[in-house]
Participant: 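The following block contains the structure, expressed as structure tokens.
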Amino acid sequence: MKYTAQTIILIYALFNLQLSAQTKIIDQDTRYPVSYATISFGDGQGIFADDDGMFIFTKKLYPDVDSLFISALGYKDLALSSSDLPKVINMQSETNKLDEVVINALVDRKFKTETIKPYLDDDYYNCWLPTIESEIAVFFPNGNDQLKKITSIRFPITLESKDWTKRKRANADKRKFSTLFKVKFYHNDNGMPGDVMTYTNIVFRATEKNGDEFELDLSEHDLIIPDTGFFVSLQVLGYTDDNGKLLPNKKYKRIKSKNGYVKIPTNFRPLLPFTDEIEAHNTFIKRVFINGNNWVQFKKGNGIESSLLKRDLNNYGVGINFNEYKDE
């Protein structure tokens, strides 16, 4: 393929713009990158840093933004002006929020493996369409006083067929995607997600090859189920390249209508199936970049506009595997 001189100049200019716009977030003490930090700005907007702590922000991309608000697990929140944005941003760790050292008292103890299966569904219309401003949390109660360690989380996902007319056929070719998700664990604070259980960054990449669920192995983490239960949350960070590197993305895409251009949220694949087979309202959501950033129980009457609630699809049916240890 041949390129004109003007095209080559344009590509070169865009490449240089991207390089000049890159900002890196690091730990001020260790100088290590702060991976997957949240950068909020404007009225309910935001982006994420990648695994190297890099993000792209320019006045050309966001002309009306004058300040950024940066947050990350285990670090003090940081607010700074978007004018003269430094190439390197230092974040200060919160020593009182570092992970506690867990003494492994589970070696050689007998246990039985327990499973709560995920709720799967391949119907497009029964699914939540993930957007980067949303985080979904699911509550799991603790059924008894036995010591329990989480070994894996099983996230149900729904694949889309390339051909819409064949969408319900299991053997239809599926739409390709490569999407990065962040997972968090929260203590139960009077029925709502409270403090996080670990400050370790836990992420995974899902593709259409994972089928109808993604099982996240947590065997190397000492995640003990608290007496009052826990919440596990899922948040989409964006699409990745073939090597799993997070790609820059925009929260909105512009669609031309009769009345001009309108902004609609960018939905990421895979879709997340909801279910009506769970009696309790165990699912909570929050808008990560919206002012307040508060959790809301996903049910009718809580001011949530969703076609899922209109059909009583109240829960994202996550599954878990855990070891239940016998008394010493």
Participant: My understanding is that only residues two or more places apart in sequence, or in another chain, count here; which of them pass ring pair (Phe, Tyr, Trp, His ring centres under 6.0 Å) with Phe48?
Facilitator: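 In terms of ring pair (Phe, Tyr, Trp, His ring centres under 6.0 Å), with neighbours along the sequence ignored, Phe48 is linked to Phe289.
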Participant: Could you work out the complete set of other residues in the hydrophobic cluster of Met54, with links drawn between I, L, V, M, F, W and Y side chains under 4.5 Å apart?
Facilitator: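 Members alongside Met54: none; it stands by itself.
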Participant: Give a yes or no on whether the ring-centroid distance for Tyr62 and Phe57 is below 6.0 angstrom.
Facilitator: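 Between Phe57 and Tyr62, which both carry aromatic rings, the centre distance is below 6.0 Å.
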Participant: Assigning hydrophobic clusters by single linkage (Ile, Leu, Val, Met, Phe, Trp, Tyr; side-chain heavy-atom cutoff under 4.5 Å), is Ile278 placed with Val138?
Facilitator: no
Participant: Looking only at non-hydrogen atoms, find the nearest pair between Pro130 and Leu272 and report the distance.
Facilitator: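 Between these two residues, the closest heavy atoms are CG-CG, 3.8 Å.
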Participant: So, do Trp295 and Phe231 have ring centers that fall under 6.0 Å from each other?
Facilitator: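 Between Trp295 and Phe231, the centre distance exceeds or equals 6.0 Å.
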Participant: Could you check whether any side-chain N or O of Glu215 sits under 3.5 Å from a backbone N or O of Arg154, counting only pairs where one atom can act as donor and the other as acceptor?
Facilitator: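 Checking the backbone N and O of Arg154 against the side chain of Glu215, no donor-acceptor pair under 3.5 Å is found.
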Participant: What's the verdict on side-chain contact (heavy atoms from CB on, under 4.5 Å) for Asp51 and Lys245, showing C-alpha distance, side-chain angles and the deciding distance?
Facilitator: CA-CA 8 Å; Asp51 58 320; Lys245 187 77 171 179; 3.0 Å; yes
Participant: Which is it for Asn90 and Arg31 under the side-chain contact (heavy atoms from CB on, under 4.5 Å) test, yes or no, and what are the steps along the way?
Facilitator: CA-CA 8 Å; Asn90 294 281; Arg31 315 307 291 174; 2.8 Å; yes
Participant: What are the two closest non-hydrogen atoms of Asn302 and Gln297, and how far apart are they?
Facilitator: ND2-O, 2.8 Å
Participant: Is there a side-chain hydrogen bond (donor to acceptor under 3.5 Å, both in side chains) between Asn321 and Ser152? Walk through the geometry before answering.
Facilitator: CA-CA 5 Å; Asn321 294 326; Ser152 68; 2.9 Å; yes
Participant: Could you check Asn142, Ile150, Leu223 and say which one makes a side chain to side chain contact (heavy atoms under 4.5 Å, CB included) with Phe230?
Facilitator: Ile150
Participant: Is a salt bridge present between Arg311 and Asp276, judged by a nitrogen-to-oxygen distance below 4.0 Å?
Facilitator: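 No salt bridge links Arg311 with Asp276.
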Participant: Looking at Arg109 and Lys326, would you say the former's side chain and the latter's main chain have a donor-acceptor pair under 3.5 Å?
Facilitator: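 Indeed, once roles are kept as given, a pair shorter than 3.5 Å links the two residues.
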Participant: Heavy-atom count around Lys176 NZ within 6.0 Å, excluding the residue itself: above 12?
Facilitator: no
Participant: Taking Val65's backbone N and O only, do any of them form a donor-acceptor pair with Ser82's side chain (distance below 3.5 Å, no angle check)?
Facilitator: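 Yes, Ser82 side chain to Val65 backbone: donor-acceptor pair under 3.5 Å.
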Participant: For Leu120 versus Pro156, what's the shortest heavy-atom pair and its separation?
Facilitator: CD2-CB, 3.6 Å
Participant: Treating Ile, Leu, Val, Met, Phe, Trp and Tyr as nodes and any side-chain heavy-atom pair under 4.5 angstrom as an edge, say whether Val296 and Tyr316 lie in one connected cluster.
Facilitator: yes
Participant: Between Phe177 and Tyr239, is the ring centroid distance below 6.0 Å?
Facilitator: no
Participant: As a quick check of understanding, evaluate side-chain hydrogen bond (donor to acceptor under 3.5 Å, both in side chains) for Arg205 and Thr179, giving each step before the final call.
Facilitator: CA-CA 5 Å; Arg205 179 168 68 111; Thr179 306; over 6 Å; no
Participant: Check whether any side-chain heavy atom of Asp122 sits under 4.5 Å from a side-chain heavy atom of Leu159, and report yes or no.
Facilitator: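 Asp122 does not reach Leu159 side chain to side chain.
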Participant: The criterion is side chain to side chain contact (heavy atoms under 4.5 Å, CB included); which residues satisfy it with Ser219, sequence neighbours excluded?
Facilitator: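 Ser219: side chain to side chain contact (heavy atoms under 4.5 Å, CB included) contacts with Asp217.
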Participant: Show the nearest heavy-atom pair for residues Asn126 and Leu308, with the distance to one decimal.
Facilitator: C-CD2, 3.7 Å
Participant: Hydrophobic cluster membership, with links at side-chain heavy-atom distances under 4.5 Å among I/L/V/M/F/W/Y: are Leu216 and Ile116 in one?
Facilitator: yes
Participant: side-chain contact (heavy atoms from CB on, under 4.5 Å) for Lys286 and Asn294? Distances and angles first, verdict last.
Facilitator: CA-CA 6 Å; Lys286 69 174 178 178; Asn294 296 315; over 6 Å; no
Participant: So which atom in Ile56 and which in Pro248 form the shortest heavy-atom distance, rounded to 0.1 Å?
Facilitator: CD1-CG, 4.0 Å
Participant: Do the two ring centres, one from Phe298 and one from Phe274, sit under 6.0 Å apart?
Facilitator: yes
Participant: Leu80, Ile39: one ILVMFWY side-chain cluster at the under-4.5 Å cut-off?
Facilitator: yes
Participant: Centroid-to-centroid, Phe155 to Phe204, below 6.0 Å?
Facilitator: yes
Participant: For Thr23 versus Leu85, what's the shortest heavy-atom pair and its separation?
Facilitator: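 Distance-wise, the nearest heavy atoms are OG1-CD2, 3.5 Å.
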Participant: Report the C-alpha separation of Lys24 and Asp52 in whole Å, then their side-chain angles, then the decisive distance to 0.1 Å, and conclude whether the salt bridge (Lys or Arg N to Asp or Glu O under 4.0 Å) test is met.
Facilitator: CA-CA 8 Å; Lys24 186 170 186 176; Asp52 292 321; over 6 Å; no
Participant: Are Ile136 and Val183 connected, step by step, through hydrophobic side chains (Ile, Leu, Val, Met, Phe, Trp, Tyr) whose heavy atoms are closer than 4.5 Å?
Facilitator: yes
Participant: Verify whether one side chain among Thr283 and Asn315 offers a donor that lies under 3.5 Å from an acceptor in the other.
Facilitator: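 Their side chains do contain a donor-acceptor pair, which is all the 3.5 Å distance test asks for.
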